[in-house]
There are 2 protein chains.
Amino acid sequence: MAMPVGRTRIQERNRATILDAALEVFSQFGFRGATLDLIADSAGLSKPNLLYYFASKEAIYTELLGTLMTTWLDPLRALDDIGDPRAEILDYVHRKLQMSREFPRESRLFANEILQGAPRIEAALAGELKDLVDEKAELIRGWIAKGKIADLDPYHLIFSIWALTQHYADFDVQVRAVLGGADPFPGADAYLELMFTRLLERQ
Amino acid sequence: MAMPVGRTRIQERNRATILDAALEVFSQFGFRGATLDLIADSAGLSKPNLLYYFASKEAIYTELLGTLMTTWLDPLRALDDIGDPRAEILDYVHRKLQMSREFPRESRLFANEILQGAPRIEAALAGELKDLVDEKAELIRGWIAKGKIADLDPYHLIFSIWALTQHYADFDVQVRAVLGGADPFPGADAYLELMFTRLLERQ
DNA sequence: TCTTGATTTGACCATCTGGTCAAAGCAACG
DNA sequence: CGTTGCTTTGACCAGATGGTCAAATCAAGA
C-alpha cells in the first residue's frame, strides 16, 4: 500500500518524524545494525505504523540517503568562479565545517554507508558525485593555471577538505575525549582557516 | 570454558583465523551489524567452534579492539625529539598513510567503533589515548616555542593528520569512485607531503 | 449523527541471531 | 590397541527482527 504522492499534514508530519528517528538510529548503527524497533521507539510510533508510511526498512534508508546526498553536496555545488578563488575555497571549508557541527548525524550516516562499502549508493558515487567533483576539479585547475592559487592536485584538495571537516562530525566522541570535553569547533575553524590559507598561497 | 593461557599450535592458528575473519566482518558492519554466522563463514569454521575459542561475540570484538589499539597508536608513539621536528612530523604522516594502505580494515574497525559512540573504548580514549596525545602535544608545543615549526594548535595538528590519512582507508570506496578506480595512494602521499611541508614552515 | 477513508495497533509469523550442549571425531601417548 | 583430552559439530533454544493482517480507532464531511 504505497503512500499517495499528495500528502496530508499528518502524513507529512509522521514521515518527517520517522525519517528523523531513522537518521538517529542508522547514523549510529549503520543499515545492518539498525532495527525497526529502535527506530519506532525513537519516533514514538509503533512498528506497524512505521511500515504504514514506508514499505520497508530498506525504503526508509534509501529515502534518507537520497534526500541527504543532495543537501550534503550543496556546499560543493556552491563553489564557483564568481569571487576570489582563495576566498571561495576557504568559504567552502567553513561551510563544510559548519555542516559537521550542525548536521553530524547526516555526516555519520554517509560515513557508515561508505564504510560498509557503499552498497546502496555506489552508483551515485560513480555518477552524480564523480561528475560534480570532476567539474569542480576542472574549475580549480583553471585557477591554478591562471596562477590564482598554489599548484595542488585538485582531487586530493577536495578529499582533504572532506576529510578534515567531516572528521569533526564522524569522530566527535574521540575528538572530545582527547580535548577533555571542550567544544572542538572554534579551534577547528581557526586551524583549518590557517591551514588552507597557507596551503593555497602561491609560493 | 576459558581458553588456557598456554596455547597449542592449533589454538594459535584458529584464534588467529577467527580474529582475521572477525576483523573483516566487524570492520564492515560494526559490532551490531556483524553476526557470528558471517564471521564463522568467513573463517571457514562452524559457529559453535568459534565459541569454543572465544566466550562470546563481544569477547572477539573487545580482543580485536584491544590488540589493535596498541598497534594503531605505535606511529604516534614513535614521534619523538630525536630528529628534525619537521621531518619527524612528516614521517608520522607518511607512516600513518602507509598504515591506511596496509591495514584499511583496522582503520575501518576503529572508525565504526567511534561512529557508534565508542561504547567499548570510551575509557581508553579518555585515558590511554588522551595521555599519549597530551604528551605529544606538549612535545610539539616545545618545537613551536623554539621556533622549529610554525605556530599551530598541536591538538588540531594531530587531528588533521588522523583525518587526512585515515580518510584514504575509511572512505576508500568513495575516493576510488571519484578517481575512476585509480590507486589514490601515490597522489595522496605527494599531496600530504606538500600540504604539511607548507603548513609547518615558519612564515 | 452517520459514513467513509485515513490511521493505528495487537497479535502473529518466518527467519535470524547469540549461545548451549551432548555426542562424535581425532591426535597422541602408553 | 585403548585411553585420554583436545577439537569439532548437529541439534537445539530463547529472544530478536523484518514484516503482515485484520480489526479497531479516529477525523471530517454529508
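Being a predicted model, the structure only gives us computed values, none of them experimental. By convention in this document, chain letters (A, B, ...) are assigned in the order of the sequence lines, proteins followed by strands, and residues within each chain are numbered from 1.
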**Message:** I'd like to know if A:Lys57 reaches the base of D:dG19 with its side chain such that a donor and an acceptor end up less than 3.5 angstrom apart.
**Reply:** no
**Request:** Calculate the interatomic distance between B:Tyr53 atom OH and C:dT20 atom C1'; express it in whole Å.
**Result:** 18 Å
**Request:** Could you tell me the separation between the CD1 atom of B:Ile39 and the P atom of C:dG19, rounded to a whole number of Å?
**Result:** 10 Å
**Item:** Distance in angstrom units between A:Asn49 CG and D:dG19 C1', rounded
**Value:** 14 Å
**Asked** To the nearest Å, how far apart are B:Leu51 CG and C:dA22 C1'?
**Response** 16 Å
**Item:** Spacing of B:Lys47 atom NZ relative to D:dT9 atom P, expressed in whole Å
**Value:** 14 Å
**Request:** Report yes if at least one side-chain N or O of A:Gln11 is closer than 4.0 Å to OP1 or OP2 of C:dT7; otherwise report no.
**Result:** yes
**Asked** Is the charged tip of A:Arg15 near the ring of A:Tyr53: under 6.0 Å from the six-membered ring centre and within 45° of its axis?
**Response** no
**Message:** Rounded to whole Å, how long is the line connecting atom CZ of A:Arg15 with atom P of C:dT7?
**Reply:** 11 Å
**Request:** Compute both the distance and the angle, then confirm whether A:Arg120 meets the cation-pi test with A:Phe31: under 6.0 Å from the six-membered ring centre, within 45 degrees of the axis.
**Result:** yes
**Asked** Less than 6.0 Å separating the ring centroids of A:His156 and B:Tyr168?
**Response** yes
**Prompt:** Say you draw a straight line from OG of A:Ser107 to NE2 of A:His167; how long is it, rounded to the nearest 0.5 Å?
**Reply:** 11.0 Å
**Request:** Indicate yes or no: at least one non-hydrogen side-chain atom of B:Phe159 is less than 4.5 angstrom from one of A:Leu179.
**Result:** yes
**Asked** Does B:Arg32 put a side-chain nitrogen or oxygen below 4.0 Å from OP1 or OP2 of D:dT17?
**Response** yes
**Request:** Check whether any side-chain nitrogen or oxygen of A:Asn14 sits under 4.0 Å from OP1 or OP2 of C:dA6, and answer yes or no.
**Result:** no
**Request:** Select base, sugar-phosphate, or nothing to describe what B:Ala34 touches, counting heavy atoms under 4.0 Å on all strands.
**Result:** sugar-phosphate
**Asked** When we call it a touch if two heavy atoms are under 4.0 Å apart, what does B:Ile10 touch: a base, just sugar-phosphate, or nothing?
**Response** sugar-phosphate
**Asked** Reckon A:Tyr52 has a side-chain N or O less than 4.0 Å from the OP1 or OP2 of C:dT7?
**Response** yes
**Asked** Reckon B:Arg9 has a side-chain N or O less than 4.0 Å from the OP1 or OP2 of D:dC6?
**Response** no
**Prompt:** Could you give the CG-to-P distance, from B:Leu50 to D:dG10, as a whole number of Å?
**Reply:** 14 Å
**Asked** Out of C:dA11, D:dG19, C:dC21, which has the shortest distance to the side chain of B:Pro48?
**Response** C:dC21
**Message:** What is the separation between atom CG on B:Asp37 and atom C1' on D:dT17, rounded to the nearest whole Å?
**Reply:** 14 Å
